[in-house]
Amino acid sequence: MINNISNMIPLILAIALAGDPFPYEKEEAESSAAINTHELKAHVYRLAGPEFMGRKGDGGERAAEHIVAAFTKLKLRPAFSDSYFQPIPWLLSTPRADGKTIAGRNVGCFIPGSDPALADEWIILAAHYDHLGQKDGKTYWGADDNASGVAMLLEVAEAFALTEVKPNRSIYFISFDLEEVGLQGSNHFAAHPPRDLAKMRAFLVADLLGRSMADVMNEYLFVLGTETSPGLAKAVSEAPTVLGLTTGLLGADLVGTRSDYGAFRDRKIPFLFFTTGVHRDYHKPTDLPDRIEYEKLTRNSRYIEAMTRRLADVAEPPRWEPAPEGPGMDEVATVLVLFERALAKPDIVKLTQSQRQRFEESRDRLAEISRRKVMTRSERNWLINTGRWALATAF
């Protein structure tokens with residue numbers, strides 16, 4: 001009995017704290033076709049608050065219901081036949097002690113396309129809602145990972161729902177579960193889609209949108225995946241400038257399969273992955289709502305909304321045509337800036353002597369490639385290996 005009570009303490013505490021007045025209730029309740037900073041902030045504080053217990057277990061189930069309530073309020077159609085939920089089965093056949101029959105739930109809705117000739121085609125905008133939950137008496141709040149992405153998703157869905165002019169293609173807004181557990185939610189969705197995958201024209205996903213890579217790339221939003229399709233590369237290159245925002249192109253192979261695009265990439269669906277990158281609070285209890293840069297999150301959300309609308313309306317959709325050389329010189333420029341700033345701010349990016357030496361050598365080699373404006377295949381392979389090493393060690 002004592003053990004049972006002790007196991008219930010986190011849940012009892014969360015419910016008690018959830019009863020406190022939510023300080024951003026008014027902002028959360030607002031409905032507007034415009035993406036607003038105060039609404040995004042309200043969503044992040046709610047999703048990274050005590051009610052959802054780090055969005056895992058019982059807290060994750062309540063978070064899913066909260067997202068569905070937002071979709072229902074906007075009168076958006078359920079994505080999975082007559083349901084907003086897509087159950088994710090257990091990967092193992094062994095029954096659970098608590099009697100639960102599913103591992104988690106994806107949630108989603110959609111807006112039907114307005115053009116009869118294109119309405120059967122669809123694109124997805126996605127952001128996972130799960131996080132690490134509670135461990136050893138600590139809550140992993142996940143404000144940036146990925147309450148920031150879900151806040152964007154809710155605001156963009158609201159913008160489309162309340163805008164009079166509807167998209168030509170259908171848009172699905174999906175929030176995956178179990179991203180933190182082997183990308184199970186997105187893998188299950190791709191294997192059991194609500195529509196024909198052959199008619200999916202693009203997959204857009206965001207993960208970590210409110211901070212800064214290594215706490216030094218303040219104005220940057222990284223965009224990965226343009227190398228999968230010339231149409232996507234063209235859409236990104238022609239996107240309107242957003243004041244205060246710089247898009248840094250990277251190849252997805254440089255970071256590996258680190259988010260929910262993997263299952264769609266493997267099925268040769270053109271994709272874009274939006275992120276501001278990892279930082280000192282990544283996967284720590286210190287990933288808190290008061291550390292999010294909300295003006296930056298607003299700029300990023302508006303950019304993603306514009307990109308979603310463009311791909312939903314463009315006459316010629318992007319097609320899968322991977323470029324082996326990746327994003328080319330744009331990628332070189334992005335990584336060069338990151339390495340330069342990391343070296344220039346030793347108080348923020350704390351490198352060992354050997355790491356610093358490798359960073360300096362890499363910076364010099366990137367600068368040389370940038371000067372001659374040509375990168376060989378072997379140099380691209382070196383860049384991939386160097387980028388992955390930096391993510392695994394220094395960042």
Is there a path of hydrophobic side-chain contacts, each under 4.5 Å between heavy atoms, that joins [X] and [Y]?
X: Val150; Y: Ile171; result: yes
X: Ile269; Y: Val223; result: no
X: Leu183; Y: Phe176; result: no

Spell out, as yes or no, whether a donor-acceptor pair under 3.5 Å connects the side chain of [X] to the backbone of [Y].
X: Lys166; Y: Gly113; value: no
X: Arg105; Y: Glu61; value: yes
X: Arg169; Y: Val314; value: yes
X: Glu39; Y: Asn36; value: no

For [X] and [Y], which I'm curious about, is there any donor-acceptor pair between the side chains at under 3.5 Å?
X: His66; Y: Glu51; result: no
X: Tyr129; Y: Asp177; result: yes
X: His279; Y: Asp144; result: yes
X: Arg358; Y: Thr393; result: no

Taking the basic N atoms (NZ, or NE/NH1/NH2) and the acidic carboxylate oxygens, is any pair closer than 4.0 Å for [X] and [Y]?
X: Arg62; Y: Asp58; result: no
X: Lys73; Y: Glu28; result: no
X: Asp253; Y: Arg380; result: yes

Original post:
Between atom CG of Leu209 and atom CE of Met152, what is the distance when rounded to the nearest 0.5 Å?
Top reply: 5.5 Å
Original post:
Hey, does Trp320 have a side-chain heavy atom less than 4.5 Å from the side chain of Arg265?
Top reply: yes
**OP:** Show the numbers, then the answer: is there a salt bridge (charged side-chain N to carboxylate O under 4.0 Å, His left out) between Lys56 and Glu180?
**Re:** CA-CA 10 Å; Lys56 187 176 182 180; Glu180 303 285 3; over 6 Å; no
Original post:
Picking from Tyr172, Phe264, Tyr261, what satisfies ring pair (Phe, Tyr, Trp, His ring centres under 6.0 Å) with Phe203?
Top reply: Phe264
